[in-house]
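A quick write-up on the structure given underneath.
We number each residue from 1, following the sequence as shown. FYI, side chains are in, hydrogens and waters are out, and symmetry mates aren't considered; it's all heavy atoms of this structure.
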Amino acid sequence: NMIYFSQPFYQTISGSNFSSPTVEEKYRNIDNFTHVVVVACDLKYFYKYGLNYLNSFSHNADKHELLHLHLVNPDVGFMQQFADWLNLIKIDNFRLTTEQIHFGNLPPLMQQTYYSCVRFLHLPQWLNDYQKPIVCTDIDAIIEKPLTPLIAAVNNHDVGLYLYERHKLPWEYIPAG
């Protein structure tokens, strides 16, 4: 099923303005791509799932897919770990952005909610920056094949919804991302 949202409608419901993420590093070729695969997470999830995600992207993505990783609150060792993984994996089209956010006394559950939603909070800016289709994924996902056919399927729509046909429980019918 496809849902169509116009850009003015999206701007109306967005409600809040978020500052643009800091571009920390650009890797390899970020200009020769047809669409963008965005994944965003906090440091804990990056260390837990990042290597598997990057490896699956490296082995299964189309050469015209740009991977955009957005990391919230990187630590001092992140850039070295990330560079080591990139040397190991070899991703041709890549961009990294980061942001520092201080939650103050915000309860951990509300912080987790921010981490889960951060890719959607920055999506309007990235849509404007890239002017290309964007697929948002979770860091604990595995890219099993190029996403080009998915992009073609939703080409005339602003939002696509993937329905998981092999669900066991009702709430598993629609994946979180």
Query - Inter-residue atom distance Ile139.CD1 - Lys44.NZ, 0.5 Å rounding - result: 14.0 Å

Query raised in the report: Going through the checks in order, is the side-chain contact (heavy atoms from CB on, under 4.5 Å) test met by Leu54 and Leu67?
Result: CA-CA 9 Å; Leu54 294 172; Leu67 177 62; 3.6 Å; yes

Query - Residue pair Ser56 / Ile143: nearest heavy atoms and the distance that separates them - result: OG-N, 3.0 Å

Requested in this report: Looking only at non-hydrogen atoms, find the nearest pair between Ser58 and Lys90 and report the distance.
Outcome: OG-O, 3.3 Å

Query raised in the report: Say you draw a straight line from CD1 of Ile134 to CG of Leu147; how long is it, rounded to the nearest 0.5 Å?
Result: 13.0 Å

Query - Asp140 side chain reached by Asn52 side chain, heavy atoms, under 4.5 Å - result: no

Query raised in the report: Closest approach of Val39 and Asp138, non-hydrogen atoms and distance?
Result: CG2-C, 3.7 Å

Query raised in the report: Any side-chain heavy atom of Glu65 sitting closer than 4.5 Å to one from Pro146?
Result: yes

Report task. With rounding to the nearest 0.5 Å, note down the distance linking CZ in Phe57 to CG in Asp62. Result -> 8.5 Å

Requested in this report: Side-chain contact test, heavy atoms from C-beta onward, threshold under 4.5 Å: evaluate it for Tyr114 versus Leu121 and give yes or no.
Outcome: yes

Report task. Kindly write out the residues that satisfy ring pair (Phe, Tyr, Trp, His ring centres under 6.0 Å) with Tyr53, not counting sequence neighbours, or none if the list is empty. Result -> none

Query - Non-hydrogen side-chain atoms of Thr97 and His68 separated by less than 4.5 Å - result: yes

Query raised in the report: Less than 4.5 Å apart, any side-chain heavy atom of Val36 and any of Trp126?
Result: no

Requested in this report: State plainly whether one hydrophobic cluster holds both Phe46 and Leu88, where clusters connect Ile, Leu, Val, Met, Phe, Trp and Tyr through side-chain heavy atoms under 4.5 angstrom apart.
Outcome: yes

Query raised in the report: Do you reckon Tyr115 sits in the same ILVMFWY cluster as Met110, going by side-chain contacts under 4.5 Å, direct or chained?
Result: yes

Query raised in the report: Is the Phe78 ring parallel, tilted or perpendicular to the Phe82 ring (thresholds 30°, 60°)?
Result: parallel

Requested in this report: Using a cut-off of 6.0 Å, state whether more than 12 heavy atoms not belonging to Lys63 lie near its atom NZ.
Outcome: no

Query raised in the report: Say you draw a straight line from CD1 of Ile91 to NE2 of His59; how long is it, rounded to the nearest 0.5 Å?
Result: 10.0 Å

**Report entry** Beyond-backbone contact of Ile151 with Thr34, side-chain heavy atoms, under 4.5 angstrom
**Finding:** no

Requested in this report: Flag yes if more than 12 heavy atoms outside Glu144 fall under 6.0 Å of its CD atom; otherwise flag no.
Outcome: no

Query raised in the report: With no hydrogens and no angle check, is any side-chain donor or acceptor of Asn87 less than 3.5 Å from a backbone partner on Ala83?
Result: yes

Requested in this report: State, with a plain yes or no, whether a side-chain heavy atom of Cys41 is found less than 4.5 Å away from one of Leu71.
Outcome: yes

Query raised in the report: Tell me, which pairs form a side chain to side chain donor-acceptor pair (under 3.5 Å) where one or both residues lie in residues 73-85, sequence neighbours left out?
Result: Tyr47-Asp75, Gln80-Asp84

Query raised in the report: Is the backbone of Gln112 close enough, under 3.5 Å, to the side chain of Ser116 for a donor and an acceptor to pair up by distance?
Result: yes

Query raised in the report: Among Arg119, Arg95, Glu99, whose side-chain hydrogen bond (donor to acceptor under 3.5 Å, both in side chains) with His70 holds?
Result: Glu99

Query raised in the report: Do you know which two heavy atoms are closest between Asn32 and Asn93, and how far apart they sit?
Result: O-ND2, 3.8 Å

Query raised in the report: Tell me, do Leu96 and Met79 make a side-chain contact under 4.5 Å, heavy atoms counted?
Result: yes

